[in-house]
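Read through the structure below, which is laid out as structure tokens, and then see the notes.
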Protein chains: 2
Amino acid sequence: MAKYNNINLAELTQLASALSDASRVRAFMALTQGELCVCQIVELLGLAPSTVSKHMAVLCQAGFVQSRKQGRWVYYSVSPNLSTAAICQMQQWVTNNLKNDGTVKQDRKKLRAIKKMDTEQLCKNQRKG
Amino acid sequence: MAKYNNINLAELTQLASALSDASRVRAFMALTQGELCVCQIVELLGLAPSTVSKHMAVLCQAGFVQSRKQGRWVYYSVSPNLSTAAICQMQQWVTNNLKNDGTVKQDRKKLRAIKKMDTEQLCKNQRKG
DNA sequence: ATTATATTTTGCCATATAACGAATTATATA
DNA sequence: TATATAATTCGTTATATGGCAAAATATAAT
């Protein structure tokens with residue numbers, strides 16, 4: 001079915017703003033490889049949990065990602081966007097254009113390692129260091 | 001011919017940043033109707049010339065628009081982007097998604113009036129008021 | 001040459017944003 | 001029930017950004 005929802009100027013600048021920060025774009029690109037919990041994104045980006053949390057909130061509010069809570073963990077994933085064409089198009093644009101970016105490639109590699117780790121252990125290590 | 005130039009993370013966030021401000025997006029949308037000199041954009045947006053100049057520099061540096069100087073006037077226009085696919089795609093995305101935006105519609109109307117005015121007279125009025 | 005003027009650059013101010021650590025919240029475990 | 005903990009919110013700081021006015025630049029007109 002065709003997507004017909006229009007966005008307005010404010011919504012467009014909100015979408016653009018969400019993608020105006022490298023850490024947020026990296027987080028989004030990481031999620032295109034599958035859902036991640038906050039501590040995994042923290043590990044990937046090397047930022048404080050509070051900072052990552054705020055970044056994810058921005059991506060969520062823009063509509064690029066969604067979250068689900070399971071126990072103490074919150075998992076983020078790329079939103080399916082059944083309604084808004086503009087968001088789908090931007091998701092595609094980011095994904096396609098950064099497919100071969102150096103940082104994104106490195107992140108993918110690091111991400112594979114992170115996913116192999118036990119999440120409990122990952123969090124424990126983050127508390128210490 | 002297919003466009004194959006890739007962009008990196010920094011370039012992508014630069015493009016997004018350029019579109020993260022409503023005044024800049026309005027200026028860009030105005031230029032999709034044809035080239036404009038600075039004073040015409042000043043008239044449309046109701047901002048100081050220095051502010052508009054800075055906005056246009058940001059759009060230029062990102063690659064969304066280009067400028068040509070003719071005498072004392074500088075004309076801005078949507079860049080043809082023969083090289084970078086990412087920029088073309090974003091130009092299309094903005095144009096398509098804001099086609100029916102309220103502010104953009106108002107701007108188009110105001111723009112038709114501005115284009116009918118004598119540019120010399122327009123500048124003269126701006127110096128006064 | 002001198003003056004006028006369209007645009008840009010510079011300097012400044014107010015606000016927005018990214019970062020962190022500390023405090024808070026919500027959930028699981030002992 | 002009390003404790004531990006993953007994530008968020010809050011408070012603070014440093015930097016970035018948008019806005020204007022004034023100064024500087026470049027070009028046209030006198």
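Chain A is the first sequence line, chain B the second, and so forth, proteins listed ahead of strands; every chain is numbered from 1. None of these values were measured; they are calculated from a predicted model. Values below: all heavy atoms of this structure, side chains included; hydrogens, waters and symmetry mates excluded.
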For Lys110(A), side chain to side chain contact (heavy atoms under 4.5 Å, CB included) partners two or more places apart: Leu44(A), Ile114(A)
Nearest-nucleotide pick for Ser50(A), side chain only, options being dG19(D), dT7(C), dA22(C): dA22(C)
Distance test, side-chain N/O of His55(B) to OP1/OP2 of dT17(D), below 4.0 Å: no
Within residues 58-74 of chain B, residues whose heavy atoms come under 4.0 Å of DNA chain D: Lys69(B), Gly71(B), Arg72(B)
Base-pairing assignment for dT3(D) (Watson-Crick or G-U wobble, both under 3.5 Å): dA28(C)
Arg127(B), nearest nucleotide to its side chain (from dT9(D), dG19(D), dT5(C)): dT5(C)
Phosphate contact (dT8(C) OP1 or OP2) by Tyr76(B) side-chain N/O below 4.0 Å: yes
DNA chain D-proximal residues of residues 16-42 of chain A, any heavy atom under 4.0 Å: Cys37(A), Val38(A), Cys39(A)
Shared hydrophobic cluster for Leu122(A) and Trp73(A) (ILVMFWY, side-chain gaps under 4.5 Å): no
Please output the side-chain donor-acceptor pairs of residues 49-57 of chain A that fall under 3.5 Å, not counting sequence neighbours, one pair per line with the distance.
{"residue": "His55(A)", "atom": "ND1", "partner": "Arg24(A)", "partner atom": "NH1", "Å": "3.2"}

Rounded distance (Å) that lies between atom C1' of dT8(C) and atom CG of Leu47(B): 16 Å
Write down the protein N/O and nucleotide N/O pairs, taken from nucleotides 11-13 of chain D, whose separation is under 3.5 Å; answer none if there are no such pairs.
none

Separation of dT8(C) P from Gln126(B) CD (nearest whole Å): 13 Å
Please tabulate, for the side chains in residues 32-43 of chain A, all donor-acceptor contacts under 3.5 angstrom to protein atoms that are two or more places apart in sequence or on a different chain.
{"residue": "Thr32(A)", "atom": "OG1", "partner": "Met29(A)", "partner atom": "O", "Å": "2.5"}
{"residue": "Glu35(A)", "atom": "OE1", "partner": "Arg68(A)", "partner atom": "NE", "Å": "3.1"}
{"residue": "Glu35(A)", "atom": "OE2", "partner": "Arg68(A)", "partner atom": "NH2", "Å": "2.6"}
{"residue": "Gln40(A)", "atom": "OE1", "partner": "Cys37(A)", "partner atom": "N", "Å": "3.0"}
{"residue": "Glu43(A)", "atom": "OE1", "partner": "Gln126(A)", "partner atom": "NE2", "Å": "3.1"}

